[in-house]
Amino acid sequence: MEEHENKKDYNEKTRIFKIIKEAVPYIVIIIAVILIRAYIATPVRVNGDSMYPYLKEGEVLILNKLDKSYNRFDIVVINSNKTKIIKRIIGLPGETVAYKDCKLYINDKEVEDFVGECITDDFSLEGLYDYAMIPEGYYFVMGDNRKNSSDSRDYRVGLISKKQIEGTTSLRLYPFNRLGKLK
């Protein structure tokens, strides 16, 4: 009888060990996915039309959370007032930004704008915020749909601190017919 109980205990422990052994790879995968989404990359959905026509409502992009070197015209995801917004970096720290007669000026030099058509009203950084230049650690961002974008021209968004930028996005996942690298 005792031998039968020992065998029963042994079979039960073997069965539990086998279940745990089979579950470990799945647990590792789940933990890896959670860590990747939290610290490396995560999908983001375009809401609204402030980046139209380049990005359209409902498109899904990959946010690269590791990229912390921001350049002019990079598309970034920003945490603005607890809302995630997608914009394009226009002005970098230490620069002046102005728009005059449908032309973008950085440090008083004309720069070819990403948006080709004349849809941006005239403004200057100094006129908007009384700053001679963008402070260190801040960026001036705009949407591509300049007539319909809450961006750094709007005091409610303002200049964006580096801490507010969650990362860059340069890959479109959905819709599948537009899958690929953003330019």
* With sequence neighbours left out, what residues match N47 under side-chain hydrogen bond (donor to acceptor under 3.5 Å, both in side chains)? -> none
* Asked: Could E59 and R178 be called an ion pair, given the rule that one side-chain N must be under 4.0 Å from one carboxylate O?
  -> yes
* Asked: Does the side chain of D121 come within less than 4.5 Å of K147's, by heavy atoms?
  -> yes
* Asked: What residues, two or more places apart in sequence or in another chain, satisfy side chain to side chain contact (heavy atoms under 4.5 Å, CB included) together with D154?
  -> S150, R156
* Out of curiosity, does F123 fall in the hydrophobic cluster containing V111 (side-chain heavy atoms, cut-off under 4.5 Å, transitive links)? -> yes
* Does CD belonging to E112 count more than 12 external heavy atoms closer than 6.0 Å? -> no
* **Residues that N71 engages under side-chain hydrogen bond (donor to acceptor under 3.5 Å, both in side chains), provided they are two or more places apart** => none
* Structure fact -> side-chain hydrogen bond (donor to acceptor under 3.5 Å, both in side chains) filter on S152, not counting sequence neighbours, yields none
* **P135 versus L159, closest heavy-atom pair with distance** => CD-CD1, 3.6 Å
* **Distance in Å, S170 OG paired with N64 CG, rounded so as to fall on 0.5 Å steps** => 7.0 Å
* Quick one: side chain to side chain contact (heavy atoms under 4.5 Å, CB included) partners of S50, sequence neighbours excluded? -> K87, S149
* **E22 side-chain N/O to I19 backbone N/O, donor-acceptor pair under 3.5 Å** => no
* Asked: Counting distance only, does the side-chain N/O of D49 pair as donor-acceptor with the main-chain N or O of Y52 below 3.5 Å?
  -> no
* Check whether I134 and Y70 end up in the same hydrophobic cluster, where Ile, Leu, Val, Met, Phe, Trp and Tyr are linked by side-chain heavy atoms less than 4.5 Å apart. => no
* Structure fact -> Contacts of Y105 meeting ring pair (Phe, Tyr, Trp, His ring centres under 6.0 Å) (sequence neighbours excluded), chain-then-number -> none
* To do: Sort out for me which residue in D122, D151, D113 forms a salt bridge (Lys or Arg N to Asp or Glu O under 4.0 Å) with R146.
  => D113
* Side-chain contact, heavy-atom cut-off 4.5 Å: F140 with I106? -> no
* Structure fact -> When rounded to the nearest 0.5 Å, the distance separating CG of L92 from CE of M133 is 12.5 Å
* **Any side-chain donor near an acceptor of the partner, T168 and D67, under 3.5 Å** => yes
* Any chain of hydrophobic side-chain contacts (each under 4.5 Å) joining V76 to I62? -> no
* **In one Ile/Leu/Val/Met/Phe/Trp/Tyr side-chain cluster, 4.5 Å: V97, Y99** => yes
* Any side-chain heavy-atom pair from I85 and V157 closer than 4.5 angstrom? -> yes
* To do: Answer whether the closest heavy-atom distance between the side chains of I31 and V28 falls below 4.5 Å.
  => no
* **Considering all heavy atoms, the nearest M142-T120 contact** => CE-CG2, 3.8 Å
* Asked: Under a 4.0 Å N-O cut-off, is there an ion pair linking R72 with E95?
  -> yes
* Structure fact -> Connected to I30, directly or through other members, by ILVMFWY side-chain contacts below 4.5 Å are I34
* Kindly work out whether a path of hydrophobic side-chain contacts (I/L/V/M/F/W/Y, heavy atoms less than 4.5 Å apart) joins Y54 to L104. => yes
* Asked: Which residue pairs pass the side chain to side chain donor-acceptor pair (under 3.5 Å) test when at least one of the two sits in residues 126-142, sequence neighbours left out?
  -> none
* Structure fact -> Across all chains, not counting sequence neighbours, the ring pair (Phe, Tyr, Trp, His ring centres under 6.0 Å) partners of F176 are Y174
* Can you name the side chain to side chain contact (heavy atoms under 4.5 Å, CB included) partners of E166, sequence neighbours left out? -> L63, V77, N79, K84
* Within the distance-only criterion (no hydrogens, no angle test), does the side chain of R88 pair as donor or acceptor with the backbone N or O of F73 below 3.5 angstrom? -> yes
* **Closest non-hydrogen atom pair between V60 and P43, with its separation** => CG1-CB, 3.9 Å
* To do: Could you grab the distance from atom CG of D101 to atom CD of E110, nearest 0.5 Å is fine?
  => 10.0 Å
* Asked: For K21, does the NZ atom have more than 12 heavy-atom neighbours from other residues, nucleotides or ligands under 6.0 Å away?
  -> no
* Does S80 have any side-chain hydrogen bond (donor to acceptor under 3.5 Å, both in side chains) partners at least two apart in sequence or in another chain, and if so, which? -> none
* **L61: side chain to side chain contact (heavy atoms under 4.5 Å, CB included) partners, not counting sequence neighbours** => V44, V46, L55, I86, T169, R172, L182
* Side chain proximity check, K65 to I40, heavy atoms < 4.5 angstrom -> no
